[in-house]
There are 2 protein chains.
Amino acid sequence: MPTILDVARRAGVSKSLVSMVTRGEGGVSEEKRRAILEAIDELDYRPNAMARGLVQRQTRILGVMISDLQNPFFGAVISGIQERAEERGFRVLITTGDRTPSVEESAMENLLELRVDGLILASPRVGDEAIAHAGRSVPVVVLNRDTNDDSSDSVTNDNIAGARLAVEHLVSFGHRRIAFIEGGVGAGARIRREGYLRAMRDFGLEEEIVTVEGRHTEEGGHQGAMELLKMRVLPTAVFASNDLCAIGAMTAFEEAGLSIPDDLSLVGYDNNRMAALRHISLTTIDQPGGDMGRSAVERLLERIDGDRTEPSHDVVSPSLVVRSTTGPPRFEAKA
Amino acid sequence: MPTILDVARRAGVSKSLVSMVTRGEGGVSEEKRRAILEAIDELDYRPNAMARGLVQRQTRILGVMISDLQNPFFGAVISGIQERAEERGFRVLITTGDRTPSVEESAMENLLELRVDGLILASPRVGDEAIAHAGRSVPVVVLNRDTNDDSSDSVTNDNIAGARLAVEHLVSFGHRRIAFIEGGVGAGARIRREGYLRAMRDFGLEEEIVTVEGRHTEEGGHQGAMELLKMRVLPTAVFASNDLCAIGAMTAFEEAGLSIPDDLSLVGYDNNRMAALRHISLTTIDQPGGDMGRSAVERLLERIDGDRTEPSHDVVSPSLVVRSTTGPPRFEAKA
DNA sequence: TTGAAAGCGCTAACAC
DNA sequence: GTGTTAGCGCTTTCAA
């Protein structure tokens with residue numbers, strides 16, 4: 001693999017000049033520049049980003065840790081990140097631990113060892129300590145997760161408000177017995193659960209609270225729904241912690257012979273591409289993934305450029321998207 | 001940010017010992033090792049992968065270029081890649097150009113400048129020359145795409161056979177007028193089209209060939225279907241170049257009042273998670289994404305370890321997955 | 001406008 | 001078992 005020295009020799013100049021050319025710096029005579037470009041081409045030279053990064057002490061790379069690449073919602077987030085990063089002259093490198101906490105932490109370490117200039121943690125299962133640790137060496141923005149330590153910024157959607165929107169929508173149809181399928185241990189999931197609980201209480205439905213375990217996957221939703229189906233008295237509506245989970249639940253309910261929304265109403269969270277499909281047509285809470293990705297990049301760059309040292313916590317508003325999985329309960333609400 | 005020297009000083013040892021410890025090499029006294037570990041912890045030291053990579057001339061990182069992170073099929077591919085790479089002690093870094101050819105090429109260059117030890121190109125829109133160029137510096141495996149140059153290995157599913165499976169299945173129901181919605185300019189898409197054409201000819205259906213433009217996205221499928229709907233005589237069956245495309249087409253057809261599979265049969269390609277959803281239940285051609293990802297890693301490591309210098313071209317067999325979007329044509333087939 | 005030289009943080013070869 | 005040193009490929013003073 002050719003080095004800058006090979007190029008310099010071939011072009012009959014010093015390394016410095018080659019460096020100036022690859023960095024697009026001016027002040028090189030047209031003649032030498034041409035010779036250098038030619039040598040680069042002939043040798044298939046490509047600057048070594050590690051050597052460069054080592055001396056420049058920055059990489060202009062933003063690291064992104066995504067826990068579930070199979071969830072289309074994160075596809076939207078990444079699009080937003082990529083778009084804004086590119087505008088600002090940064091590259092984006094993505095890593096995933098495929099939902100395994102230990103692998104995720106090691107993947108994050110990997111990014112850190114590479115000395116990325118900033119890190120976006122999109123809803124991972126990475127522990128608080130690991131985040132704090134990362135935050136000590138590089139600007140970090142976490143997505144959809146509360147941060148205790150104030151070393152990192154966050155961009156979240158208001159999960160409490162979103163959950164309330166879901167419950168409110170169901171209540172407005174006359175539902176009272178509204179169950180919740182949990183989203184597992186991820187940070188955002190816990191807050192949605194909290195939002196559900198609060199909303200139920202606020203609507204005077206404390207007695208009707210039912211929660212079952214689940215996860216932010218179709219399988220998780222399926223299992224949660226099966227739990228619900230075992231109950232003596234079924235809920236008339238179900239709020240699932242995310243769309244994937246809702247879709248899994250939908251499958252389970254329909255397999256059990258229930259018709260949605262006639263026998264049961266269902267609401268998800270995220271508004272991912274699957275939810276919008278005509279055949280799914282899931283009523284859900286929209287979180288603007290692309291916007292959140294773009295904001296995360298902005299926050300990161302402010303830190304990198306040193307424009308801001310105060311922690312920032314962006315909260316975007318979720319909104320209700322009514323589709324075909326919600327309607328009035330089969331029997332008149334008692335109240 | 002602390003360096004290895006800081007750690008050495010704090011632990012009262014030389015850099016070499018610290019290096020040995022971070023690399024997990026033996027031959028360090030228990031006493032010093034403990035002191036070093038402590039210093040590392042206190043200083044929040046993290047080895048600089050750039051400096052390390054510079055001297056070791058390898059990074060143990062595999063780069064993956066994915067063109068569409070919104071397509072769940074690639075999620076499966078990445079899972080496979082990640083799993084196998086981890087077993088073999090390699091990290092995986094993913095990049096995407098979000099379906100923009102120029103951005104994709106620059107994203108690929110980025111990976112190359114970082115000196116990844118190998119590159120997996122998962123169905124990107126990157127040009128042949130760019131691939132060949134990359135192949136000159138690092139082992140490259142391309143997914144689902146024919147390579148002209150023999151510098152890179154490939155892992156593909158047999159798109160010709162897969163397309164034939166789709167056509168055959170429809171023919172077995174008595175369909176004759178089977179249209180094809182194209183998948184755009186990506187390499188795999190062109191081969192599927194070719195497979196469709198060949199299969200139609202082989203079944204003596206040359207007269208019935210109808211192709212319309214599309215892309216490997218829902219929007220692309222929707223538009224392709226709209227084209228089809230404008231035709232004087234509608235096909236009785238449609239084969240779409242991938243699942244996303246098929247799902248978009250399904251939406252368009254149903255919006256136009258057609259019922260699937262009664263008025264029209266539909267087959268996709270990939271067997272992604274959306275296709276398997278109960279409400280979509282798309283008949284499709286399965287390609288084993290996870291297996292393909294794992295194979296790609298294997299091929300790459302053979303090259304990296306120098307175990308193989310001959311080009312390899314893995315071809316996996318696609319299979320038909322019959323679900324609910326195909327059936328006999330509404331009117332008896334004439335023949 | 002150009003070149004020489006120091007040094008980024010690390011590993012590896014060697015000496016002790 | 002431990003320390004010293006050269007050098008990976010680059011950028012960045014600084015001089016010429």
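Chain naming here is simple, since letters A, B, ... match the order of the sequence lines and numbering starts at 1 in each.
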Practice prompt. Determine the contact category for A/R23: base if any of its heavy atoms lies under 4.0 Å from a base atom, sugar-phosphate if only primed atoms, P, OP1 or OP2 are that close, otherwise nothing.
Written response: base
Worksheet item: Below 4.5 Å, heavy atoms only, C-beta onward: do B/L114 and B/I61 meet side chain to side chain?
Response: no
Worksheet item: Should A/R33 and A/V13 count as side-chain neighbours, where that means a heavy-atom distance under 4.5 Å?
Response: no
Discussion item. For B/L54 and B/V13, find the nucleotide of DNA chain D closest to each by heavy atoms; which residue's nucleotide sits nearer the 5' end?
Written reply: B/V13
Worksheet item: Toward the 5' end of DNA chain D, which comes first, A/M1 or A/E25, by nearest nucleotide?
Response: A/M1
I'd like to know if [X] and [Y] make a salt bridge, using a cut-off of under 4.0 Å between side-chain N and carboxylate O.
{"X": "A/D117", "Y": "A/R303", "answer": "no"}
{"X": "A/R136", "Y": "B/D44", "answer": "yes"}
{"X": "A/R34", "Y": "A/E38", "answer": "no"}

Euclidean distance, atom [atom1] of residue [X] to atom [atom2] of [N] [Å, nearest integer]:
{"X": "B/I4", "N": "D/dT5", "atom1": "CD1", "atom2": "P", "value": "16 Å"}
{"X": "B/E113", "N": "D/dC10", "atom1": "CD", "atom2": "C1'", "value": "12 Å"}
{"X": "B/L114", "N": "D/dG9", "atom1": "CG", "atom2": "P", "value": "16 Å"}
{"X": "B/R57", "N": "D/dC10", "atom1": "CZ", "atom2": "C1'", "value": "13 Å"}

Discussion item. Tell me whether the side-chain N/O atoms of A/R52 come closer than 4.0 Å to OP1 or OP2 in D/dT11.
Written reply: yes
Worksheet item: D/dT11 phosphate, OP1 or OP2: any side-chain N/O from A/S19 under 4.0 angstrom?
Response: yes
Worksheet entry | Upstream residue (5' side of DNA chain C) when A/K15 and A/E31 are each assigned their closest nucleotide | A/E31
Worksheet item: Using the C1' atoms of five pairs at each end, what's the angle between the two axes of the helix from C/dT1-D/dA16 to C/dC16-D/dG1, to 10 degrees?
Response: 40°
Worksheet item: On DNA chain C, which is the earliest and which the latest nucleotide, 5' to 3', with an atom closer than 4.0 Å to a heavy atom of chain A?
Response: C/dT1 to C/dG9
Discussion item. For A/R115 and A/T59, which I'm curious about, is there any donor-acceptor pair between the side chains at under 3.5 Å?
Written reply: no
Discussion item. Is it the case that D/dT4 (base atoms only) and B/S16 (side chain only) share a donor and an acceptor within less than 3.5 Å, ignoring hydrogens and angles?
Written reply: yes
Item to complete: Please name the pair of heavy atoms, one in A/N48 and one in A/M50, separated by the smallest distance, quoted to 0.1 Å.
Response: OD1-N, 2.8 Å
Practice prompt. Identify the heavy atoms of B/A107 and B/M65 that sit nearest to each other, and give their distance.
Written response: CB-SD, 4.4 Å
Fill in: CD (B/E87) with more than 12 external heavy atoms under 6.0 Å
yes
Worksheet item: Closest to the A/Q56 side chain: D/dT11, D/dC10, D/dC8?
Response: D/dT11
